[in-house]
Every structure is written in C-alpha cells, then in structure tokens.
Amino acid sequence: VQLQACGGGLVQAGDSLRLSCAASGRTFSSHAMGWFRQAPGKEREFVAAISGGGGSTAYADSVKGRFTISRDNVKNTMYLQMNSLKPEDTAIYYCAARTGLSISWYRYDYWGQGTQVTVSS
C-alpha cells in the first residue's frame, strides 16, 4: 500500500482544513487507516483512526469534536476534516495504514510522506 497525503497549509486559528490521503492498491478497504502528527521537538502522536469499512472510528481527546475522519473506499481515499483549528494543532500530519484499527503509531505498516499544517494565532 502506498499512501500520499495532501491538503495541509497555513491557516488562522478558528479556520478549517481538510486533509486527504490517497492510497494505491486494491486492498484499501481491508486496511484500517490513521492520522498521526508530529510537532517540532515532540513525539509523534495519534490524531484519529478509522476501520477498513469505516464503521469504527477513534479520536485523540485533543481533537474530539473538532476533527472528523472519514474514508471513501471507492476512491481509495481517507480524509481528515479539521475545524476550529488551534495553534497547538500545528504539526506535520501523516497518514498510515495497517490491518486492524489501532491508535498506536508503531503498529502501522505503511506511511505517507506527511503534509504540513500551520495554524497562526
């Protein structure tokens, strides 16, 4: 599975962004997908995850109620809708895939290249 994330940018606090993660291969729907982020000087942290069929999701407490993860298994694409962005959301956002839902980044087998999100105050 090859992943490519896009959609990052520079926005102001309170704005919205939608990240996309396009996947190659015919096994997309059999993989759970996740979004993780890493800010300078900090460890990579879990943001959100979604099961292969899309029926189960998980969110970090810090983004719950503001971010929404979704996927389109016809388009082989996963999304992260980010609303009410805060400066502390500034990070490189990575998408990842594995078989089985998990919130642990080290359990993911496939990674995209990352997309920068910068939120100014």
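Note that this is a predicted model, so its numbers are computed, not measured. Along the sequence shown, the residues carry numbers beginning at 1.
In this structure, the separation between CH2 on Trp35 and OH on Tyr94 is 12.0 Å, given to the nearest 0.5 Å. Separation of atoms OG (Ser62) and CG (Asp89) is listed at 7.0 Å; rounding is to 0.5 Å.
Legend: disulfide (SG to SG under 2.5 Å) pairs involving residues 29-78, not counting sequence neighbours: none detected. Residues in residues 75-86 take part in these side chain to side chain donor-acceptor pair (under 3.5 Å) pairs, two or more places apart or across chains: Ser16-Asn83, Gln81-Asn83. Applying the ring pair (Phe, Tyr, Trp, His ring centres under 6.0 Å) test to pairs two or more places apart or on separate chains, those with a residue in residues 101-121 are His31-Tyr110, Phe36-Tyr108, Phe36-Trp111. Applying the salt bridge (charged side-chain N to carboxylate O under 4.0 Å, His left out) test to pairs two or more places apart or on separate chains, those with a residue in residues 50-62 are Asp61-Lys64. Legend: disulfide (SG to SG under 2.5 Å) pairs involving residues 38-72, not counting sequence neighbours: none detected. Among residue pairs with one or both ends in residues 19-121, those qualifying as disulfide (SG to SG under 2.5 Å) are Cys21-Cys95; sequence neighbours excluded.
Residues Ser104 and Ser102 come closest through the heavy atom pair N-OG, 3.1 Å. Heavy atoms only, all atoms of each residue included: Asn73 and Ser29 are closest at ND2-CB, 3.4 Å.
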**OP:** Please lay out, stage by stage, how Met82 and Leu19 fare under the test side-chain contact (heavy atoms from CB on, under 4.5 Å).
**Re:** CA-CA 8 Å; Met82 305 187 293; Leu19 305 183; 3.7 Å; yes
Under 3.5 Å, sequence neighbours excluded: what are the donor-acceptor pairs made by side chains of residues 39-51?
from  : atom 1 : to    : atom 2 : distance (Å)
Glu45 : OE2    : Arg37 : NE     : 2.5
Glu45 : OE2    : Arg37 : NH2    : 3.1
Ser51 : OG     : Gly54 : N      : 3.4
Ser51 : OG     : Gly55 : N      : 3.2
Ser51 : OG     : Ser56 : N      : 3.0
Ser51 : OG     : Ser56 : O      : 3.4

Identify every side-chain donor-acceptor pair in residues 113-121 under 3.5 Å, counting partners at least two apart or on other chains, and give the distances.
from   : atom 1 : to     : atom 2 : distance (Å)
Gln113 : OE1    : Ala5   : N      : 3.2
Gln113 : NE2    : Ala5   : O      : 2.8
Thr115 : OG1    : Gly8   : N      : 3.0
Gln116 : NE2    : Ala91  : O      : 3.4
Gln116 : NE2    : Thr118 : OG1    : 3.3
Ser120 : OG     : Val11  : O      : 3.3

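Scored by the side-chain contact (heavy atoms from CB on, under 4.5 Å) test, Ala23 finds Val1, Leu3, Phe28 as partners (sequence neighbours excluded). Qualifying ring-ring contact (aromatic ring centres under 6.0 Å, His included) partners for Tyr59, counting only residues two or more places apart in sequence or in other chains: none. Take Asp109 and apply the salt bridge (charged side-chain N to carboxylate O under 4.0 Å, His left out) test, not counting sequence neighbours, and it matches no residue. Residues forming a salt bridge (charged side-chain N to carboxylate O under 4.0 Å, His left out) with Arg107 (at least two apart in sequence, or on another chain): none.
Residues Ile69 and Leu17 are members of one and the same hydrophobic cluster, defined by side-chain heavy-atom contacts under 4.5 angstrom among Ile, Leu, Val, Met, Phe, Trp and Tyr. Transitive grouping of hydrophobic side chains (ILVMFWY, heavy atoms separated by less than 4.5 Å) keeps Met78 and Leu101 in distinct clusters.
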